[in-house]
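Since the structure comes first, as structure tokens, the remarks are kept for the end.
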Amino acid sequence: HHHHHHHHHHHQSSSSSSPSSSTAKPKMMRPTKSAAQLLMGSSSAPNLHGGNNNTQISKGRPGSGYSGFGRGIPGTSGFRSASGSGTQYEITRNSKSHTAFTLQGLVKHEFGHALGEHGLVWEDTIVMEVKGQALRKGVKPGWKIYMIDNQIMKSSEDIWERFQEAKWQWRSCTVFFVTDKLAIRAEAARAGAAKIQAETERLARLPFDGCNDERHLEQVHEAFRFQGYIDGAEHRAISLSQLQRLMDWSRDHCHRWRDPLTRLKVTIDSMTTYQVNHWVLKPATKKKDCSFTELLTSQKQTPTWFVIQWWGEKLMELLTCIKAHTRLRGLPETTNFWMGAFANRQHSWEEEVEGGFKNSTMYKAMEMAQFRLFMTLDDKTDFKPAATPLSRLWCNYEALMALDEPNCELDIASLYNGRPVILTRGLTASEQDSEVANPGTGYKQKESRERAFSLDIIERALKTVIQHAETTVPEHRDLLLNSLVGKGFDKPPPDDCEQYTKANKRLRALFALTFWRRVVHVSGDDSIKDLQLALTDAIRNDVWREVLNIDLSFMNGAANEKMTLLTRTLPPNLKELTLSLGSMSLADEHIVALGAALPTGVEELDIKLDNNVDISNVGIANFMTNALPRLRRQSLSLATTGVSKEFSDRSGTLDGIRLAIYEEAQRGNLCTTVNLLPNKEVRGRMTYHIERSKCY
């Protein structure tokens, strides 16, 4: 096959006419101008079946008089795809066309789902490199991806979406390439020239002097009219469609805005919350001293999620993350998100923070959202690493408010090359549904959704240091740190104190719980092990934590390793502990070790041990010998394990399981060994060690 390949390349360069016409004067191929219009001008797919638009299409056949289109027959010249799977099309059309763009034809390839990755890397719509299938089919860099599954491709996003869709539906897809590089280049040059022309015209409409320019204010007030006051900033959340309305308006107007500090142009794609605040939010709300939400509605809008974002993040990225989050969580259109920029009355909000944590509107808004936090982390750029919010004081301060909330949910989104990846603490609703219908599938979905989340960001989050965090307005830093330390607001905050240490430890634990599955699931080299240890330390060092819920279900590789990580994770002062350890291939020794590691102050204990067939009555009996003096309530679920029916039926309550163990021992099935050992610490004392085993 390879040999053929070379032969054709050689052939292509040497002959320009098809064998059938070699007797006549060699006929160079000249598709009409209109082919281009047909290909580039119209937005619908070209009519590849002839028909009423006066177009002929011929599949090249040797001897058909069309030059240069052979298909699969050695010796035919010209534009043949290397593997023979590409069909050549020549498109001609008789009507006049306005573009000077001529096409030498289209190549069609089918990319199969089962044959591995398609192997195309593209920028805009031009192929940059080829691997895998594309390489085997003979696709060349520089070709233009023109059409996929009969849809004309306008942007790299389009192409990505089409390929994704085919991948999700497990089907192959048909791609048409334009192979004429000269024509592609000419078109790019023309598009470039048109862009420069448009830019020149736009510069004629010069930027505003500043955000108080009369024409600008007129436009802002016309677009966003005061609707009515809403009491309590916690009721001023904003919906996705309202945020979209602000973005759409800004898209049409921001060409006349400049960044207040750098004087650089503001574009819709680079626009940050700071910039939109400077140009829209503040000017629009000044007259009525209201919040931006009060210009959008006069109705209370209660938040479902509380968004933690850094104002320097691009709003487009924030919008992308919120949309992805809405899809992921299956939220209705009407869902409201609370963001300080839109909810606070910015001309008079400073008094907000001074009342301390619990009185602040942020805390109230968080309470209303039932402590569902959504944190968006920005993509990295050439100037800064990814995930700036981790080093911003406001973001950390907001996250700190949720620390005492056992049911706090923190979803963290980050962007990679503009695509959002979201980590959640547990399963999402749809994953939960799959899990119920088919155990293991929900966790698999979560796993694959979170796999792209960068471990570097996680590493950074686990090193959060609040006293080094920054604010844009220096006074805010003092305000927030003083609020944290809880000593008056009149003097600068201390450089270091135990409140910071506590805040840092608690924050790291908060992040670590969201990262838990993403990090622990990976088994691997030492660098991962270090990160896993850092993660377990982060949670264990939160000695103020009293409620913990950890899920290891279906992590059935390396049970020893995972259980060791789990026992390292438990903070010392826990009162309520919920562990999901289903389908982990655990055996008796694992749960005995777990029992020995439980914090002694535990009052409520819920452990799911379903589908671990090697757990037996003996393991459970030994687990129960660990004296937890404060234990009030306990529930073990033992479906499909190796324990007897009496055990699994009664394992839901503490008394039930104790009784079951007692009865089993009475029947003589369990043997109790009591060892009296000299106590190492206290002389003259003995230590009990009780162990139960099967009697034979």
Side-chain angles (χ1 to χ4, degrees), residues 512 516-517 519-521 523 529 532-541 545 548-631 634-643 647-648 651 654 657-658 660-661 664-665 670-675 677 679-680 687-694:
W516 170 262
R517 261 194 100 91
V519 175
V520 174
H521 203 289
S523 9
K529 289 212 171 65
Q532 286 174 338
L533 294 180
L535 184 84
T536 55
D537 290 349
I539 299 175
R540 191 182 66 247
N541 290 336
R545 176 170 289 281
L548 183 65
N549 180 347
I550 288 213
D551 190 341
L552 281 166
S553 315
F554 291 95
M555 294 199 196
N556 40 17
N560 289 345
E561 195 182 301
K562 304 286 186 248
M563 290 302 280
T564 309
L565 287 173
L566 172 61
T567 52
R568 274 189 61 117
T569 302
L570 305 173
N573 302 319
L574 280 184
K575 291 190 175 149
E576 291 174 39
L577 175 61
T578 307
L579 299 173
S580 305
L581 310 175
S583 309
M584 279 185 68
S585 317
L586 299 182
D588 285 347
E589 69 264 19
H590 294 126
I591 58 165
V592 173
L594 171 66
L598 292 176
T600 48
V602 171
E603 296 170 15
E604 304 194 18
L605 189 57
D606 267 300
I607 307 185
K608 288 193 177 56
L609 293 165
D610 310 289
N611 301 317
N612 289 304
V613 289
D614 295 336
I615 292 180
S616 72
N617 288 2
V618 177
I620 297 296
N622 276 321
F623 172 81
M624 293 297 299
T625 58
N626 295 295
L628 295 173
R630 308 229 176 98
L631 194 60
Q634 172 184 294
S635 164
L636 305 174
S637 56
L638 298 167
T640 335
T641 55
V643 304
F647 269 49
S648 69
S651 60
L654 196 52
I657 193 77
R658 281 182 179 154
I661 291 172
E664 184 93 336
L670 285 174
C671 218
T672 307
T673 321
V674 180
N675 294 329
L677 303 167
N679 187 328
K680 292 191 187 66
T687 310
Y688 275 87
H689 181 64
I690 303 180
E691 205 175 271
R692 298 179 189 273
S693 53
K694 241 348 191 214

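Each residue takes its place number in the sequence, starting with 1.
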Open item on the list: I'd like to know if the side chain of R545 reaches the main chain of I539, judged simply by a donor and an acceptor atom lying under 3.5 Å from each other, with no hydrogens or angles considered.
Closed with: no
Open item on the list: Can you confirm whether L581 sits close enough to L566 that some side-chain heavy atom of one is under 4.5 Å from a side-chain heavy atom of the other?
Closed with: yes
Open item on the list: Could you tell me if the side chain of L594 sits less than 4.5 Å from the side chain of T567, heavy atoms only?
Closed with: yes
TODO: Inspect the surroundings of NZ in K562 and state if more than 12 heavy atoms from other residues, nucleotides or ligands are less than 6.0 Å away.
DONE: yes
Task: Shortest non-hydrogen separation from S553 to D551 and the atoms involved - done: OG-OD1, 2.7 Å
- [ ] Would you check if the side chain of N612 reaches a backbone N or O of S585 as a donor-acceptor pair within less than 3.5 Å?
- [x] yes
Open item on the list: With rounding to the nearest 0.5 angstrom, report the CG to OG1 distance, L636 to T641.
Closed with: 10.0 Å
Open item on the list: Checking the side chain of D610 only, and the main-chain atoms of G582 only, is there a donor and an acceptor separated by less than 3.5 Å?
Closed with: no
Open item on the list: By the salt bridge (Lys or Arg N to Asp or Glu O under 4.0 Å) test, which pairs, at least two apart or in different chains, include something from residues 572-581?
Closed with: E546-K575
Task: I620 vs I615 side-chain heavy atoms within contact, under 4.5 Å - done: yes
- [ ] To the nearest 0.5 Å, tell me how far S580 OG sits from M555 CE.
- [x] 10.5 Å
Task: Q532 to V520 - nearest heavy-atom pair and separation - done: NE2-O, 3.5 Å
Open item on the list: Quick check: do I550 and T569 have side-chain heavy atoms less than 4.5 Å from each other?
Closed with: yes
Output side-chain donor-acceptor pairs under 3.5 Å for residues 599-607, partner residues at least two apart or in another chain, one line each.
| unit_1 | atom_1 | unit_2 | atom_2 | d |
| --- | --- | --- | --- | --- |
| E603 | OE1 | R632 | NH1 | 2.6 |
| E604 | OE1 | R633 | NE | 3.0 |
| E604 | OE1 | R633 | NH2 | 3.1 |
| E604 | OE2 | R632 | NH2 | 3.0 |
| D606 | OD2 | R633 | NH2 | 2.9 |

Task: Value rounded to 0.5 Å, distance of CD in E589 from CG in D614 - done: 8.5 Å
- [ ] May I ask you to test the I661-F647 pair for a side-chain heavy-atom distance under 4.5 Å?
- [x] yes
- [ ] Drop me the distance from L565's CG to K529's NZ, to the nearest 0.5 angstrom.
- [x] 9.0 Å
Open item on the list: Would you say that M624 contacts L654 through its side chain, given a criterion of any heavy-atom pair below 4.5 Å between the two side chains?
Closed with: yes
Open item on the list: Test side-chain contact (heavy atoms from CB on, under 4.5 Å) on L598 and L570; report intermediate values, then the result.
Closed with: CA-CA 7 Å; L598 292 176; L570 305 173; 4.2 Å; yes
Task: Heavy-atom check, side chain of M584 versus side chain of M563, under 4.5 Å - done: yes
Open item on the list: Give me the atom names and distance for the closest heavy-atom approach of A559 to L586.
Closed with: CB-CD2, 3.9 Å
Open item on the list: Ignoring hydrogens, what is the shortest heavy-atom contact between P571 and L548? Give both atom names and the distance.
Closed with: CD-CD2, 3.7 Å
